[in-house]
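Data block below; observations after.
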Number of protein chains: 2
Amino acid sequence: MIDYIRDGAEIYRQSFATIRAEADLSTLPGDLAGVAVRMIHACGMVDLVADLAWSANVVADARAALRAGAPILCDAAMVAAGVTRRRLPADNPVVCTLGDPRVPELAAELGTTRSAAALELWRDRLDGAVVAVGNAPTALFRLLEMVAAGAAKPAAVLGIPVGFIGAAESKEALAGNALGLQYLVVHGRRGGSAMTVAAINAIASEDE
Amino acid sequence: MIDYIRDGAEIYRQSFATIRAEADLSTLPGDLAGVAVRMIHACGMVDLVADLAWSANVVADARAALRAGAPILCDAAMVAAGVTRRRLPADNPVVCTLGDPRVPELAAELGTTRSAAALELWRDRLDGAVVAVGNAPTALFRLLEMVAAGAAKPAAVLGIPVGFIGAAESKEALAGNALGLQYLVVHGRRGGSAMTVAAINAIASEDE
């Protein structure tokens, strides 16, 4: 037998204690600190805090939206798969339209990626939704374009795409938005589905 | 309209070119370099290379196993969700048993986490499989215990759990295994489902 901790609750407790001991959470609003702890837990990097940017009401507004039954609109199947259903306050729908059979044709028509084109299928559910972009910068750019052009506004946007081409720029565009969108971003190249899921799961329930 | 690249293939091309320009891949075997590029793409960090460790035949053996129809055994639903089915060479089964209704009881019986207990349901499929642990250190520890106790050996183990308690230790245990297991790990706290999925998708097909 190898010597390691086998008690899941104890592993969580020690993990979160380690994060709170090592990460500088003092710059974060109280409701965001708990979200940041889970995001750090999902990536193993306490320096993530330095790259966080947010609007004042993002956690409160996203939480209120979820309590009111808002859907969670995800850009990637991995994001949708990671949302812990039992943490959701209102059995909220978790939606990812990327695999919809209409998407390849929409992408060709619109001259964009499938990830961006998939947002066309969000239009009816966008009003007051919680948007979680954890993969594709083009999805985040497209969301900003759609809202600027008059699409309904989501209650909050978690903009945490990852990568080398467009990721940093798309998050700067969200953080600088003049559309009144509540947002949480991880600036720079880092991001991804695991961090995004952690943020949703932390917003969905304050239980650690 | 915001100015950004909308051509998915061009985004991939520029992303991989940026990674190859910035990352030092010279220390990696040829077949692992392509895998590392995709892993870096999934996390946005070119310094990931320094934390990689591997056995000589891990990519070749995993690739051969997949071509022969081996299942991919995943510790987390997010890992299973991220595997790009059309890249798989033999329509390989992608298995995650964590959600099986028997798992909570197994975990209580075995006195371990649900993630570790879920491996009991892998036993019949372990022989020659490709194992992908992208979340739970306890799943990786448990795999080592099972094989040491006589369970069938997988063809290759991608051991890339993330976190603060047990993650680094579980990856050291895999990399130091005396069981003859072929392995790929990311040492330290970093890891997670996105990197793990990227490794599988790169092994499954050499197409960029």
Side-chain angles (χ1 to χ4, degrees), chain A residues 1-8 10-19 22 40-46 76-82 107 110-116 134-138 141-142 144-145 148 162-170 173 188-195 197, chain B residues 1-8 10-19 22 40-46 76-82 107 110-116 134-138 141-142 144-145 148 162-170 173 188-195 197:
Chain A
M1 294 276 279
I2 309 172
D3 181 29
Y4 60 95
I5 307 174
R6 291 169 169 75
D7 176 346
E10 180 62 14
I11 294 168
Y12 266 101
R13 201 194 60 73
Q14 290 194 21
S15 296
F16 291 151
T18 302
I19 293 165
E22 291 188 25
I40 291 167
H41 183 244
C43 68
M45 298 179 288
V46 295
M78 281 184 73
V79 176
L110 297 168
T112 191
T113 64
R114 289 184 299 117
S115 292
N135 185 50
T138 54
F141 279 129
R142 182 72 186 148
L144 295 171
E145 291 175 341
V162 60
F164 295 85
I165 301 297
E169 295 82 353
S170 70
R189 291 170 168 181
R190 292 190 294 186
S193 48
M195 276 181 215
V197 160
Chain B
M1 293 278 278
I2 309 171
D3 182 28
Y4 60 95
I5 307 174
R6 290 169 170 76
D7 175 346
E10 180 61 14
I11 293 168
Y12 267 100
R13 200 195 60 73
Q14 291 193 20
S15 295
F16 291 150
T18 303
I19 293 165
E22 291 189 25
I40 292 168
H41 183 245
C43 69
M45 299 179 288
V46 295
M78 281 183 73
V79 176
L110 297 168
T112 191
T113 64
R114 290 185 299 115
S115 292
N135 185 49
T138 54
F141 279 129
R142 182 72 186 147
L144 295 171
E145 291 176 341
V162 60
F164 295 84
I165 301 297
E169 294 83 353
S170 70
R189 291 170 166 179
R190 292 190 294 186
S193 48
M195 277 181 214
V197 160

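Convention: sequence-line order gives letters A, B, ...; per-chain numbering from 1.
When B:N135, B:L144, B:V162, B:V197 are compared by the number of non-hydrogen pairs under 4.5 Å with chain A, B:V162 comes out ahead. Contact count versus chain B (heavy atoms, under 4.5 Å) is highest, among A:I40, A:V46, A:I165, A:I19, for A:I165. The candidate from A:A167, A:G44, A:A136, A:S170 with the greatest count of non-hydrogen atom pairs under 4.5 Å with chain B is A:G44. By number of non-hydrogen pairs under 4.5 angstrom with chain B, the leading residue of A:E10, A:E22, A:R142 is A:E22. Heavy-atom pairs under 4.5 Å with chain A were tallied for B:C43, B:G192, B:G163; the largest tally goes to B:C43.
Using a 4.5 Å cut-off between heavy atoms, A:A194 contacts chain B through both its backbone and its side chain. Heavy-atom distances place both the backbone and the side chain of B:S193 under 4.5 Å from chain A. Residue A:L110 does not touch chain B at all, counting heavy-atom pairs closer than 4.5 Å. Residue B:Q14 touches chain A through both its backbone and its side chain, counting heavy-atom pairs closer than 4.5 Å. Looking at B:A42, the atoms closer than 4.5 Å to chain A (heavy atoms on both sides) all sit in the backbone: N, CA, C or O.
For the atom pair OH of A:Y12 and OG1 of B:T113, the computed distance is 10.0 Å after rounding to the nearest 0.5 Å.
Looking only at side-chain heavy atoms (C-beta outward), B:M45 and A:R190 come within less than 4.5 Å of each other.
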Between A:E145 and B:I2, is the side chain to side chain contact (heavy atoms under 4.5 Å, CB included) condition met? List the steps. CA-CA 7 Å; A:E145 291 175 341; B:I2 309 171; 4.0 Å; yes

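The environment of A:R189 atom CZ is dense: over 12 non-hydrogen atoms of other residues, nucleotides or ligands sit within 6.0 angstrom.
Results of the side chain to side chain contact (heavy atoms under 4.5 Å, CB included) test with A:T138 over B:I5, B:D7, B:I11 single out B:I11 as the only residue that passes.
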